Amino acid sequence: MAEELVLDTAIRDWVLIPLSVVMVLIGVLRYFVSKLMRSPPSASPSPDPKAVKEGQLVIRARNLRTSSQFIPAKAFKARKLYYTDGERGLLHVPKEDAQKAQAAMFSDPNMAMDMMKKNLSMIVPQTLTFAWVNFFFSGFVAAKIPFPLTQRFRGMLQNGIDLSTVDVSYVSSRSWYFLNLFGLRGLFSLILGEENATDDATKMMQMGGGMGFNPAMSLGAEKDSLDIIQHDWALPKMEHHAEEVLRKLLKK
Amino acid sequence: MAAATATATAAEEEARLLRLEEQAEHGGGGAWEYLSLARRLRARRPAPVLRLGLALLNDASARSRLAAEQWTLYEQVAVAAMDCQRLDVAKDCIGVLSKQFPGSVRVARLEALLFEAKGDWADAERAYALILETNPFDQIVHKRKIAIAKAQGDMSLAVDYLNKYLELFMADHDAWRELAEIYVSLQMYKQAAFCYEELILAQPTIPLYHLAYAEVLYTLGGLENLQTAKKYYASTIQLTGGKNTRALFGVCLCSSAISQLTKGRNKEEDSSELQSLAAEALLKAYKQHASSKEALVAGMLKNMKLS
């Protein structure tokens with residue numbers, strides 16, 4: 001094993017602690033800045049009439065699908081035709097329309113703007129702090145973790161030091177920066193509440209999920225499931241049930 | 001306590017509302033609690049709400065204790081006051097609100113409602129049109145416009161508005177119900193039947209829709225409709241456990257009408273027991289609840305050759 005390195009206490013006082021404090025402060029600052037930059041949610045223009053209508057249409061078609069057995073066959077057939085009839089049915093979505101919807105989602109300037117703001121508020125401070133750390137604190141060991149680690153961790157813990165002789169449990173200052181960057185998430189959720197904006201990973205997930213919703217798709221799915229259901233009128237059975245109910249009532 | 005109220009059923013909540021009302025009316029306190037509950041349940045009890053709410057609003061210290069909640073109270077009292085035709089109170093409340101929230105849609109709605117309460121239909125329409133310019137999808141405003149048409153007695157206009165509304169908000173079953181009732185009042189039974197079908201689809205377990213649908217079908221007449229009507233009366237009987245007298249009568253009337261139409265060639269032999277059972281249940285119900293009229297019902301059923 002290599003000789004013990006002695007770390008100057010000045011490194012602790014002037015690198016380790018300031019770096020952590022600065023990272024926390026930047027995180028907090030970023031939270032408030034992104035909060036400021038976020039456009040007010042309710043001020044967005046009134047919803048698209050088509051989207052409103054499609055949402056309602058899906059609900060109505062779903063009602064038809066789930067309780068079709070409660071209306072007479074004639075009424076059901078009329079409704080089924082109304083929803084699913086080839087070109088004229090309400091659930092029919094023209095091909096180019098579906099593509100247009102997708103395109104509209106991407107070209108919506110508000111949405112793109114929002115995303116850019118979010119990304120900006122993430123990237124700019126990160127680049128700045130990284131440059132700052134790189135400039136002032138690069139190339140020396142800043143801390144030692146109290147347990148031994150395998151060679152694999154060298155890249156993670158000793159970023160910026162290209163010495164293979166140093167024990168892996170020593171942490172370089174640049175690596176300390178990265179550890180803070182990724183490890184402070186739990187602390188932020190303690191300080192800023194559960195829904196803090198600094199949680200980049202979940203934000204990415206949300207962005208992906210938000211894109212996935214496509215009204216045209218749900219219309220099509222509803223149409224397909226409406227197409228395959230068979231109408232089985234439950235009312236004739238109800239007569240027998242009613243007889244039983246009355247018999248029971250009369251026996252009492 | 002919040003958890004306890006959340007689990008309480010609607011009936012319990014209503015009982016609690018009445019209890020709180022009693023308590024507050026007799027000076028036992030709990031006025032604010034009562035008002036909050038009434039608001040949450042959307043109970044329409046304008047007189048006590050107006051009395052208690054106004055007392056709270058006139059008490060400066062009580063009002064300041066409510067802090068931001070006082071504005072909701074102003075709104076609630078304003079609506080209750082309009083219900084009681086205390087338009088002066090409503091006007092004061094709305095005045096305070098519009099000073100506090102200039103340009104608010106919610107206040108604009110109240111102002112339009114005040115016009116309506118006064119009967120200034122033209123002004124109210126104008127006010128609602130103004131709101132719709134900025135929020136074309138305000139469901140409440142659309143419904144108010146329908147209500148104005150109905151209040152003026154212009155049923156065909158109301159039907160027009162309702163159809164336009166339903167074209168957009170087609171899953172709103174309250175609107176379907178309103179439309180169905182208007183169609184019935186206009187004797188447009190085919191259209192009403194369609195609306196009731198829609199209601200049954202949306203909420204298939206509510207017996208009242210089955211009953212109303214059966215009644216519309218019975219009114220339409222014709223063998224097929226009568227047979228269908230009978231089935232829906234039967235489903236009403238099943239859903240209500242045979243407690244619905246109207247449905248019992250309906251089954252009897254339908255089967256007698258069917259037998260008249262088919263003149264003996266009775267195809268539906270299998271369901272012949274239902275009407276006699278229904279007749280029996282009717283007689284039993286009358287014996288229990290209105291014994292003086294039992295003979296009358298028995299005579300009528302005999303006329304229909306059911307008992």
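In what follows, chains carry the letters A, B, and so on, assigned in the order in which the sequence lines appear, proteins first and then strands, with residues in each chain numbered from 1. Predicted, not measured: the structure shown is a model, and the values here were computed from it.
Taking 4.5 Å as the limit, every side-chain heavy atom of A:Leu249 sits out of range of all side-chain heavy atoms of B:Leu277. Counting heavy atoms from C-beta on, the side chains of B:Lys284 and A:Leu250 come closer than 4.5 Å.
Applying the 6.0 Å contact sphere to CZ of B:Arg177 captures no more than 12 heavy atoms from other residues, nucleotides or ligands. Remark: B:Arg246 CZ is loosely packed, at most 12 non-hydrogen atoms of other residues, nucleotides or ligands lying under 6.0 Å away. Heavy-atom neighbours of A:Arg247 CZ from other residues, nucleotides or ligands within 6.0 Å: above the threshold of 12. The neighbour count for B:Glu224 CD, taken as heavy atoms of other residues, nucleotides or ligands under 6.0 Å away, does not exceed 12. Surrounding CD of A:Gln230 are at most 12 heavy atoms belonging to other residues, nucleotides or ligands under 6.0 Å away. With a 6.0 Å radius and a threshold of 12 heavy atoms from other residues, nucleotides or ligands, A:Lys223 has its NZ atom above the threshold.
Proximity to chain A (any heavy atom under 4.5 Å) is shown, for B:Gln203, by neither the backbone nor the side chain. Using a 4.5 Å cut-off between heavy atoms, B:Ala285 does not touch chain A at all. Only the side chain of B:Leu248 comes within less than 4.5 Å of a heavy atom in chain A; its backbone stays farther off. Using a 4.5 Å cut-off between heavy atoms, A:Ser68 contacts chain B through its backbone alone, with no side-chain atom that close. Of the atoms belonging to B:Tyr196, not a single heavy atom falls under 4.5 Å from chain A. Residue contact with chain B, scored on non-hydrogen atoms closer than 4.5 Å, is absent for A:Lys237.
For the pair B:Ser235 and A:Leu235, the tightest heavy-atom approach, listed with the atom from each and the gap, is CB-CD1, 3.5 Å. Closest heavy-atom contact between A:Ala242 and B:Ala234: CB-O, 3.3 Å.
Ranked by non-hydrogen atom pairs under 4.5 Å with chain A, the options B:Ala202, B:Ala247, B:Ala193 are led by B:Ala202. The candidate with the highest count of non-hydrogen atom pairs below 4.5 Å against chain A, out of B:Ala278, B:Gly242, B:Gly241, B:Ala171, is B:Ala171. When the candidates A:Met238, A:Lys53, A:Gln56 are compared by the number of heavy-atom contacts under 4.5 Å with chain B, A:Gln56 comes out ahead. For the set B:Tyr233, B:Phe169, B:Tyr232, the entry with the most heavy-atom pairs within less than 4.5 Å of chain A is B:Tyr232. Among the candidates A:Ile59, A:Val245, A:Thr66, the residue making the largest number of heavy-atom pairs closer than 4.5 Å to chain B is A:Val245. Of the listed residues A:Pro72, A:Ala75, A:Gly55, the one with more heavy-atom pairs under 4.5 angstrom with chain B than any other is A:Pro72.
Note: B:Met170 CE to A:Asn63 CG = 12.0 Å, rounded to the nearest 0.5 Å. From B:Leu201, atom CG reaches atom CD of A:Gln69 across 9.5 Å, with rounding to the nearest 0.5 Å. To the nearest 0.5 Å, atom CD of residue B:Glu197 and atom CD1 of residue A:Ile71 are 5.5 Å apart.
No donor-acceptor distance shorter than 3.5 angstrom exists from the side chain of B:Gln238 to the backbone of A:His241, with no hydrogens or angles considered. Panel note: side chain B:Lys230, backbone A:Glu239; no donor-acceptor pair is recorded below 3.5 Å.
A:Arg79 forms a cation-pi arrangement with B:Phe194, by the criterion of a distance under 6.0 Å to the ring centre and an angle within 45° of the ring axis.
In this pair, B:His210 and A:Phe70 present their aromatic rings perpendicular. The plane angle is above 60°, beyond the 30 to 60° band.
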